[in-house]
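The chains referred to below are lettered A, B, ... by the order of the sequence lines, with proteins before strands, and numbering in each begins at 1. Values below: every heavy atom of this structure, side chains too, minus hydrogens, waters and symmetry copies.
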2 protein chains.
Amino acid sequence: MRQDGLERVTMRRLATELDTGPASLYVYVANMAELHGALLDELLGGLNLPGPARPAKARAILVDLLCDYTNLLVGHPSLARSVLSLWPSGPNYLRLIDSVLGLLLAEGLGRRQAAWGVDVLLQHATATAAEQGTRSESVEADGEGYRLATAIEEASAAEYPNIGLLRDEMFSGTGHQRLRWQFAALLEGIATVDDAGR
Amino acid sequence: MRQDGLERVTMRRLATELDTGPASLYVYVANMAELHGALLDELLGGLNLPGPARPAKARAILVDLLCDYTNLLVGHPSLARSVLSLWPSGPNYLRLIDSVLGLLLAEGLGRRQAAWGVDVLLQHATATAAEQGTRSESVEADGEGYRLATAIEEASAAEYPNIGLLRDEMFSGTGHQRLRWQFAALLEGIATVDDAGR
DNA sequence: ACCTGAACACCGTTCAAGT
DNA sequence: ACCTGAACACCGTTCAAGT
């Protein structure tokens, strides 16, 4: 029924794809949020989750898993945007949560840090995908992000001294490098800071 | 011209508010992204940025600033969602970036960690606001997030062992507590992990 | 019972026509 | 020149009518 589903999935588009009126979809799903939730869960079926890991390897495996999840969502920008405000609840999403929790515990994290950390990690993945996705979706090279780049490029060092100081560092690294660093940093922080603030 | 601007801001809504047709707005802005960008920057004018800080105080000031920014966006969910895929470039946003960079440097962070870190921090703020905002926007208490809660509540410990183990921790803490912890964790990670992976 | 055409209430954006 | 009414090409959702 939902085989390909790439790019922007709307009720009407899917309905015409299935040679029917838009009303027919409401027999199967209650609203668009539910449709996107189902789509996400089907997509997550293609993610292969790691088994139990030894403490020494848990962190690296976790970074890989989170990068995989991010890249999965980057391929479906419209989905990523709705997932951010969706709290998905399908079986495959629960499996993903369970996997991440397991790896955090394997690393030796406390119960609360693992429980609170999984939210941060998955939210970062989703937000990154939503951000990247919509950006690359706007086909024109001129608009959107290009303006921030030039704004930072042209920001006067007098008005924005720290931007002036770090201008070149702000555009350094590939997307892949930055994503891995981000997850590594998140994991380090989650592991280190407890609910009392360290 | 744009004095209040709360809740969902659309071109047509704003146009009728100004007693004119929707076409008139395109004299002032090129598209909706630009409108939302301008709205955000006006909103950011109400954020009071901290001055230079001594190293020992920088972290705490930064957490406060990031919480302020998040709460600002939480009040305007529709804005938060578009800001995520917008890369704002207004003067007040640049001032915010500059402030965060300054505080990160004051903490003693390396140039690259500060430059890469500011993205993570501001993205987390925006994503959190977008997530929370849309959730509270859906007025019905039944849908959306409630289902994940029950899904986690009912998830069998056999199929999802780690969720079973941490079930109670996952709903612990107030939103405020969790937000402060998240930023504290992010900052710790950003400060600790360098681009070589520590 | 189960499905769906047509309608309702919205969107962003464009462009020709009006002042 | 500057503004804008009306139109175009879309949306999600509902509901009465059809099979």
inquiry  = According to side chain to side chain donor-acceptor pair (under 3.5 Å), does anything in residues 61-71 of chain A pair up with another residue at least two apart or in another chain? List the pairs.
reply    = A:D64-A:R180
Contact pattern, 5' to 3', of nucleotides 14-19 of chain C - B, S or - by protein heavy atom under 4.0 Å = BB----
query = Who pairs with B:R12 by side-chain hydrogen bond (donor to acceptor under 3.5 Å, both in side chains), at least two apart in sequence or on another chain?
reply = none
Rounded distance (Å) that lies between atom [atom2] of [N] and atom [atom1] of [X]:
{"X": "A:E17", "N": "D:dC11", "atom1": "CD", "atom2": "P", "result": "12 Å"}
{"X": "A:N31", "N": "D:dT13", "atom1": "CG", "atom2": "C1'", "result": "10 Å"}
{"X": "B:E34", "N": "C:dG12", "atom1": "CD", "atom2": "P", "result": "15 Å"}
{"X": "A:R12", "N": "C:dC11", "atom1": "CZ", "atom2": "C1'", "result": "12 Å"}
{"X": "A:L25", "N": "C:dC3", "atom1": "CG", "atom2": "C1'", "result": "12 Å"}
{"X": "A:D19", "N": "C:dG5", "atom1": "CG", "atom2": "C1'", "result": "15 Å"}
{"X": "A:M11", "N": "C:dC11", "atom1": "CE", "atom2": "P", "result": "19 Å"}
{"X": "A:Y28", "N": "D:dG12", "atom1": "OH", "atom2": "C1'", "result": "19 Å"}

Strictly by salt bridge (charged side-chain N to carboxylate O under 4.0 Å, His left out), give each pair with a member in [range] just once, sequence neighbours left out.
{"range": "residues 84-93 of chain B", "value": "none"}
{"range": "residues 82-106 of chain A", "value": "A:R95-B:E159"}
{"range": "residues 47-56 of chain A", "value": "none"}

message = Other residues, nucleotides and ligands only: do more than 12 of their heavy atoms fall within 6.0 Å of CG on B:D168?
response = yes
inquiry  = In whole Å, measure the gap between the C1' atoms of C:dA16 and D:dC3 for me.
reply    = 13 Å
Taking only distance into account, with no hydrogens and no angle test, what donor-acceptor pairs under 3.5 Å do side-chain atoms of residues 100-109 of chain A form with protein atoms, sequence neighbours excluded?
| from | atom 1 | to | atom 2 | distance (Å) |
| --- | --- | --- | --- | --- |
| A:E107 | OE1 | A:R59 | NE | 3.4 |
| A:E107 | OE2 | A:R59 | NE | 2.7 |
| A:E107 | OE2 | A:R59 | NH2 | 3.0 |

task = Taking only the side-chain heavy atoms of A:M32 (C-beta and beyond), determine which of C:dC3, D:dC3, D:dT13 contains the nearest atom.
result = D:dT13
inquiry  = Could you work out, with ring pair (Phe, Tyr, Trp, His ring centres under 6.0 Å) as the rule, every residue matching A:H124, not counting sequence neighbours?
reply    = A:F183
ask   = Would you say a side-chain N or O of B:R13 is under 4.0 Å from OP1 or OP2 of C:dC10?
value = no
key: Secondary-structure notation, DNA chain D, from Watson-Crick and G-U pairs under 3.5 angstrom (| other strand)   = ||.|||||...|||||.||
note = Rounded to the nearest 0.5 angstrom, the CG-CG distance for A:L47 and A:L65 is 6.0 Å
